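Sequence lines set the chain letters: A, B, ... in the order given, protein chains first and strands last, and positions in each chain run from 1. Given the structure is predicted, the values throughout are model-derived calculations rather than measurements.
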Amino acid sequence: MAVETQNPKTAPKLPYVAGFQGAVQRILEYKWRPGMWAWILHRISGIGMVVYLVIHIFGLRALYDPAKFDALMSSYRSPLFKLGEFALLAIVTYHSINGFRIVMVDFLGWSPKQKRMFYATLVLSAIIILLGGYPILAPYFIIPLFK
Amino acid sequence: MQREAKRSGAFGWFFQRISGILLLATLIGHFWVQHMPTDYLADEEEYKQIRAAYAEKYPEYKKAVEAGLITDPKFGEHIITYEKVTKRLSNPLWKAFDLLFLIFGLYHGFNGMLNIIDDYAKNKGLRLTLVATCWVLALALFVIGAQTVLTAGPYQPPSFSISQLWQ
């Protein structure tokens with residue numbers, strides 16, 4: 001949600017189509033420039049993390065019982081869940097760094113540099129994802145290759 | 001003035017950024033202790049020792065190990081265990097850290113959801129339903145999460161006490 005920059009009384013009124021059809025129509029009318037990618041990836045990753053947060057906090061109720069908690073952690077240690085943990089790292093990293101870019105643009109007025117900053121966001125995210133992802137994936141997908 | 005701020009969404013806009021910065025700071029700490037190979041996780045050897053010790057101490061734990069629910073460690077793996085998590089949370093400073101993480105995460109996450117609802121849900125009834133769902137979920141998760149953090153682990157005397165400063 002952005003702060004309104006237009007006077008709602010003088011802004012041109014776009015025809016609003018309700019429901020799913022309208023939503024699809026609006027998405028098709030989006031202009032797919034880097035800023036749009038930055039925004040939509042931020043939004044999708046944000047929704048993904050809220051869903052994860054709900055499951056995560058509910059799951060952690062198991063922390064009152066050693067057997068339940070360690071069994072839960074074991075179930076999270078399958079190759080599929082390790083890929084999920086890696087995906088979580090990727091999502092969190094992108095959202096964090098892109099969010100930081102947004103804060104810089106909003107609070108420090110870095111808007112003239114925002115396109116270059118978006119590319120820097122992608123590069124920095126990739127580096128952090130590779131560095132942080134190695135210890136997560138290694139015991140399941142990398143170390144076994146060399147044994 | 002206050003009415004104006006509420007209607008423009010400036011409060012939500014501003015605190016989404018502030019909570020984002022605070023969340024990033026706590027998230028780095030959380031990720032470091034729960035996902036990276038540090039002493040806050042059990043390595044292979046420690047994991048085997050902890051598992052054996054707990055199986056001896058708790059019959060339920062032994063049953064779970066025998067049923068194959070608490071699986072063997074992989075080579076080079078670092079694992080989250082009850083022992084290590086509750087040990088970390090026996091320190092009140094870590095309890096405070098996790099509580100702040102919970103609050104920043106829930107505020108930022110659900111404020112984000114309210115923004116998304118604001119953008120897409122134009123129907124009044126749908127809007128009300130979604131906003132109410134967000135509030136109920138967020139408050140319920142706060143209670144559940146805070147309870148998990150506050151009651152975690154056997155009580156141990158705090159390793160650091162403010163009274164040490166003048167003793």
Would a hydrophobic clustering, with Ile, Leu, Val, Met, Phe, Trp and Tyr connected at side-chain separations under 4.5 Å, put [X] with [Y]?
X: A:L72; Y: B:Y58; answer: yes
X: A:L41; Y: A:V123; answer: no
X: A:M36; Y: A:I44; answer: yes
X: B:L100; Y: B:L139; answer: no
X: A:Y134; Y: A:L145; answer: yes

Next item on the list: Name the member of A:A62, A:A67, A:G99 that forms the most heavy-atom pairs with chain B at distances under 4.5 Å.
Entry: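 So the answer, after comparing A:A62, A:A67, A:G99, is A:A67.
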Note to self: Please rank A:M49, A:E85, A:K68 by heavy-atom pairs under 4.5 Å with chain B and give me the top one.
What the structure shows: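 Option with the top pair count is A:E85.
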Tell me if the [atom1] atom of [X] is crowded by more than 12 foreign heavy atoms within 6.0 Å.
X: A:F141; atom1: CZ; value: yes
X: A:W39; atom1: CH2; value: yes
X: B:R127; atom1: CZ; value: yes
X: B:F142; atom1: CZ; value: no

Under 4.5 Å from any heavy atom of chain A - which part of [X]:
X: B:N123; value: neither
X: B:L23; value: neither
X: B:I70; value: both
X: B:F31; value: side chain
X: B:L137; value: side chain
X: B:I79; value: side chain
X: B:Y54; value: side chain
X: B:L126; value: neither

Checklist line | Max heavy-atom pair count under 4.5 Å with chain A, selected residue of B:K63, B:H108, B:M113, B:E60 | finding: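 Maximum pair count with chain A is reached by B:M113.
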To the nearest 0.5 Å, tell me how far [X] [atom1] sits from [Y] [atom2].
X: A:M73; Y: B:Y47; atom1: CE; atom2: OH; result: 10.5 Å
X: B:T86; Y: A:L63; atom1: OG1; atom2: CG; result: 7.0 Å
X: A:I102; Y: B:Q16; atom1: CD1; atom2: CD; result: 9.5 Å
X: B:H35; Y: A:L89; atom1: NE2; atom2: CG; result: 8.5 Å
X: A:L60; Y: B:L141; atom1: CG; atom2: CG; result: 11.0 Å

Side chains of [X] and [Y]: does their closest heavy-atom pair fall under 4.5 Å?
X: A:S96; Y: B:L27; answer: yes
X: B:E77; Y: A:I143; answer: no
X: A:F100; Y: B:I21; answer: no
X: A:F58; Y: B:I144; answer: yes

Given heavy-atom pairs under 4.5 angstrom as the criterion, report whether the side chain, backbone, both or neither of [X] touches chain B.
X: A:I136; result: side chain
X: A:Y76; result: neither
X: A:V50; result: side chain

Next item on the list: Verify the distance criterion only: is there a donor paired with an acceptor across the side chains of A:D70 and B:Y61 at less than 3.5 Å?
Entry: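 Side-chain D/A pair, A:D70 to B:Y61: present.
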Notebook entry, point to check: Can you check side chain to side chain contact (heavy atoms under 4.5 Å, CB included) on A:R77 and B:I80, steps first, answer last?
Noted result: CA-CA 10 Å; A:R77 284 168 42 228; B:I80 300 171; over 6 Å; no
Checklist line | Reference residue A:P139; test side-chain contact (heavy atoms from CB on, under 4.5 Å); the match among B:H78, B:K74, B:E44 | finding: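 Only one of B:H78, B:K74, B:E44 forms a side-chain contact (heavy atoms from CB on, under 4.5 Å) with A:P139, namely B:K74.
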Item checked: Whether B:Y82 and A:F69 hold their rings parallel, tilted or perpendicular, with breakpoints at 30° and 60° ->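 B:Y82 and A:F69: perpendicular rings.
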Item checked: Where at least one partner belongs to residues 131-149 of chain B, residue pairs that pass side-chain hydrogen bond (donor to acceptor under 3.5 Å, both in side chains), sequence neighbours excluded ->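 Residue pairs passing side-chain hydrogen bond (donor to acceptor under 3.5 Å, both in side chains), neighbours aside: none found.
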